[in-house]
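Index from 1, following the sequence.
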Amino acid sequence: MNPRTRNRREAPIAIIGGSGFIGSNLADNLLSDGEPVLVIDNLSRPGVEQNLEWLTRKHGRRLTVETIDVRDANALAPVLMDSKAIFHLAAQTAVTTSLAQPGEDFDINLRGTFNVLEAARLSGEHIPVIFASTNKVYGSLPDIAVREEGDRYVPCDSDIHANGIDETRGLDFCTPYGCSKGAADQYVLDYAKSYGMPTAVLRMSCIYGPRQFGTEDQGWVAHFLLSALSGWPITIYGDGRQVRDILHVSDAVAAYRAVLDRIETTSGQAYNLGGGPENALSLRMLLSEISSLAGRNLSIRHDGERTGDQPFFVADTRKIKTALGWKAHVAWREGIRDLADWLQRHRLEPRPEAVRYVA
């Protein structure tokens, strides 16, 4: 028997982008269950060194770390070939950055994902690859009529109002970020079709929770909270009635693990992953809650709408619930308090620039 095959059970689970917000929470969860984990990260995002130090202190030698950029196929392939499974979470995540630097966005999100898929394919081991996609693959949803209802937008379509956007929705990439992530999403699914590889996609709404150091262009829930804690002004693009469903990271981690545990049936499938209608809120609702938690009025100003912004996006999660028995357990108000408590203890040094909303 091939010794590589014989030792598959002892092989690590690789998390590309494992020092990031979701990646570090996923790594901690797996390591706590006794799974060896290989974190692959280029450590380019502010705050991730803190996450990596935390993982190393907590888990010691069960954690292996490789500082590799996903764009470096030659360095990536040899460290992935002996993995038991791959969670691919590394990405360029900001719409604004993609508009300013579309070539870099393409290289990281699309070519980087291609490098991961090829490394898994050429290993000959049928390594599962679970990919972190985005609700941006559905575009700006211009055909979904909405109406103002108090401090939020609601869709005029009663089914979308009740359940959200499901996976039968046609893909409609918008902005270079939407194009790069959407194309990568489709490559991951096609490798299941064309090569019989065990791959799956999770199209995420807004994930939040501990170990999230939000920046002005990504991680807006944490960034709003950091603003409230630090006294920074917040700039809202649009009128603040935009609605998103938010999901606590502990529930997201449970979904990623469930997809891997059932990869025989989840392979080739894309699943929406979000808080669903019960965890849907407008920016105004979130800011009101944060103001209450902070015990002060927030400094809020408004600017024009951003390119590709969706007035309403709530994930219809019935597919993943039916397939895996998964559901969101953390209600959004409880989750916001949890993140606020964590940020009080671990926040980064304040930055003077205004906090901006980018969904």
Inter-residue atom distance I290.CD1 - L283.CG, 0.5 Å rounding: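 So the gap between those two atoms works out to 10.0 Å.
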Looking at side-chain heavy atoms only, is the closest gap between [X] and [Y] below 4.5 Å?
X: F224; Y: I234; result: yes
X: D41; Y: T67; result: no
X: I40; Y: I15; result: no
X: S250; Y: V330; result: yes
X: D185; Y: F173; result: no
X: L189; Y: F131; result: no

Taking NZ, NE, NH1 and NH2 as the nitrogens, is one of them in [X] or [Y] under 4.0 Å from a carboxylate oxygen of the other?
X: R257; Y: D33; result: yes
X: K321; Y: E278; result: yes
X: K58; Y: D28; result: yes
X: E35; Y: K84; result: yes
X: R169; Y: D143; result: yes
X: R203; Y: E167; result: no

No-hydrogen, no-angle side-chain donor-acceptor test under 3.5 Å, [X] and [Y]:
X: Q92; Y: D105; value: yes
X: S205; Y: D245; value: yes
X: R301; Y: T235; value: yes
X: D239; Y: H302; value: no

Y195 six-ring face occupied by R121 cation (under 6.0 Å, within 45°): yes
R262/E264 under salt bridge (Lys or Arg N to Asp or Glu O under 4.0 Å): CA gap, chis, key distance, verdict: CA-CA 5 Å; R262 299 277 295 278; E264 296 83 4; over 6 Å; no
Parallel, tilted or perpendicular, as decided by the 30° and 60° cut-offs, for the rings of Y187 and Y191: tilted
Over 12 non-hydrogen atoms of neighbours within 6.0 angstrom of CD in E305: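 No.
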Within 6.0 Å of CZ in R61, more than 12 heavy atoms from elsewhere: no
